[in-house]
Amino acid sequence: MTPTATRAPTPSSFRSPSNALVFNPVDYPILTESTIAPYLADRPKLAARIDPHTVEAREVGDGNLNLVFVCRDEFGSSLVLKQSLPYVRVDPSWPLTADRSRSEAIGLSEAHAVSPATAPMLFEYDHGQHVIAMEDLSDLTVWRAALDSGVVTTGADEACGRHIARLAFATSPFGRPGEDFRRSRAEATNPELCRITEDLVFTNWLIDHKHNAVADRVAPVVDELSSLSPLRAEVGRLKAEFMTRAEALIHGDLHTGSVMVGSTPDRLVKVIDTEFCCYGPVAFDVGMLIANALFAHARAAALDRADQRRWLSDFPHRFFAAFVDEIWSLWPSRVDSAIDDELANRWLSRVELDTIGFAACEAIRRVVGFAKVSDLQSLDPDQHVAAATDVLRTAQRFLLEPPTQIGASLFTA
Ligand code: SR1
Ligand code: MG
């Protein structure tokens, strides 16, 4: 055992789908604030960036899954270490592959290669202890928190649209020759995390699941929409799209908690938390972010924040227009001359349509299922009912009468 192994968490056990008791061992050292210094001292690449003798570490993880340490030395250098636990941080009885840090490393490095201004720099990936070391972003704010507080984050939506487009273009057959595309797609396989998305975004809120919980006054809306056969059929179609349309590397969990925002041009947006990345439909990333703008919009309406609400109303249009514009600006550099302009037009139309459906699934699952959002949860009860109902009715409309374009006023019928 290495000197960093000062504390081993209790192994967890769980019931498999066949009800067998499965032992989930913790077979690598879990970092603590006091083991960060010896960990860094053992890793020459990191010790060259930060002084292990004077480093101080603070665990700041507030997500569902991982440990996150901000590390600073007395000379002003800093970095972040993020370690995957072999279970869900907020529910240790839920085992989860720690290999997700490998996916996170793939997602960060692919994004940084094509969009360095909007992706943090990966310094090192430690396969043995499931740790990634990356650029410190503590001068930025989590986008969801900024939106919750009423801020208008000018330019952040467009920067995200361009980020998604660059990653999609570069990792698809538009930007990557066939053999490379197939190899990267195989290397990026991420079945366990994709399974979470398939369950949480497309399945659990439609069934009687232990993680479902809604306010009493919202429950009738959920019961009504989840009993509509055409809606269920459309969700099934979208789930199959997510599982089979492996067209480019997508972030896979691009909500406003996966984006940090700042105020200088080179640090306006940084897209983080890429552990759910996989080859999938590009519309999934676009739709997930639009759903999260919908939560912020419903919150701004409930709190009567007129300026922010106006800005959020036009978010989908600005964001999608930036995505489309970036795809067209990259299009002349496509690597396959057999792919002509007509394909770009057809591809963009399909992305636009499926975006609406994916946005709806993300919207409903965040009201009903496991991973709820502060935009809605931190409202007072009456405001919550109004905002959650607005989100659910908008999602219902998206699934049953989808607008054909992501224009202005997408959020209002
Ligand atoms: C068990 S993970 C629950 C959710 O948190 C992540 O951020 C993803 O959104 C996932 O669906
Ligand atoms: Mg995350």
Side-chain angles (χ1 to χ4, degrees), residues 12 14 24 60-68 80-108 111 119-120 122 130 132 134 137 140-145 160 163 190-207 209-213 235 238-239 242-243 250-261 269-278 280 284-295 358-377:
S12 60
F14 64 100
N24 184 39
V60 297
D62 62 354
N64 292 323
L65 302 182
N66 309 299
L67 299 175
V68 180
V80 161
L81 298 178
K82 179 170 174 182
Q83 185 175 38
S84 299
L85 298 164
Y87 46 79
V88 172
R89 177 184 177 146
V90 295
D91 180 358
S93 70
W94 184 342
L96 187 56
T97 175
D99 196 42
R100 60 188 184 273
S101 55
R102 186 186 59 82
S103 296
E104 176 127 28
I106 290 173
L108 288 181
L122 175 70
H130 309 288
I132 60 156
M134 57 177 267
L137 302 172
L140 308 187
T141 309
V142 176
W143 200 3
R144 192 185 302 288
C160 284
H163 176 97
N190 192 3
E192 294 89 352
L193 281 275
C194 287
R195 162 84 196 269
I196 290 183
T197 301
E198 288 147 21
D199 288 346
L200 270 60
V201 178
F202 300 106
T203 309
N204 291 355
W205 56 267
L206 275 173
I207 61 177
H209 192 276
K210 65 176 180 183
H211 285 152
N212 294 344
V235 174
L238 290 157
K239 181 176 183 179
F242 177 78
M243 295 176 79
I250 62 169
H251 179 285
D253 194 30
L254 192 42
H255 55 84
T256 49
S258 296
V259 179
M260 308 284 291
V261 292
V269 156
K270 296 281 179 189
V271 177
I272 59 169
D273 283 4
T274 52
E275 67 217 316
F276 281 80
C277 78
C278 60
F284 186 77
D285 279 355
V286 184
M288 185 178 277
L289 202 61
I290 286 183
N292 282 266
L294 173 64
F295 306 142
F358 286 132
C361 297
E362 165 72 359
I364 303 172
R365 74 101 168 196
R366 296 281 186 186
V367 174
V368 180
F370 179 73
K372 295 193 162 55
V373 290
S374 58
D375 319 46
L376 304 177
Q377 296 309 110

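Note: hydrogens, waters and symmetry copies are ignored here, and every other heavy atom, side chains too, is used. Read the numbers this way: they start at 1 and go in the same order the structure lists the ligands and their atoms.
Side-chain contact check for Glu104 and Asn66: no donor-acceptor pair (N or O, by modelled atom type) lies under 3.5 Å.
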Run the numbers on His211 and Leu200 for side chain to side chain contact (heavy atoms under 4.5 Å, CB included), then give the verdict. CA-CA 9 Å; His211 285 152; Leu200 270 60; 5.5 Å; no
Would Thr197 and Phe284 count as a side chain to side chain contact (heavy atoms under 4.5 Å, CB included) if you check the C-alpha gap in whole Å, the side-chain angles of each, and the deciding distance to 0.1 Å? CA-CA 11 Å; Thr197 301; Phe284 186 77; 3.5 Å; yes
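Ligand-side atoms of ligand 1 in range of His255: 7 (O), range being under 4.0 angstrom from any heavy atom. Ligand 1 places these atoms under 4.0 Å from at least one heavy atom of Leu200: 3 (C), 11 (O).
Proximity of Arg365 to ligand 1, defined as any heavy-atom pair under 4.0 Å, is confined to the side chain (atoms from C-beta onward).
Contact between Gly252 and Asp285 at its shortest, heavy atoms only, is N-OD1, 3.0 Å. Here the shortest heavy-atom pairing between Val235 and Phe202 reads CG1-O, 3.5 Å.
Of the protein's heavy atoms, Asp253 OD2, 3.3 Å lies nearest to atom 6 (C) of ligand 1. The nearest heavy-atom contact from the protein to atom 10 (C) of ligand 1 is Phe276 CZ, 3.7 Å. Scanning all protein heavy atoms for the shortest distance to atom 5 (O) of ligand 1 gives Asn64 ND2, 2.8 Å. Taking atom 2 (S) of ligand 1 as the reference point, the nearest protein heavy-atom neighbour is Leu65 CD2, 3.7 Å.
Contact between Arg366 and ligand 1 is present, with at least one heavy atom of the residue lying under 4.0 Å from the ligand.
By the 4.0 Å N-to-carboxylate-O rule, Arg366 lies close enough to Asp253 to be salt-bridged with it.
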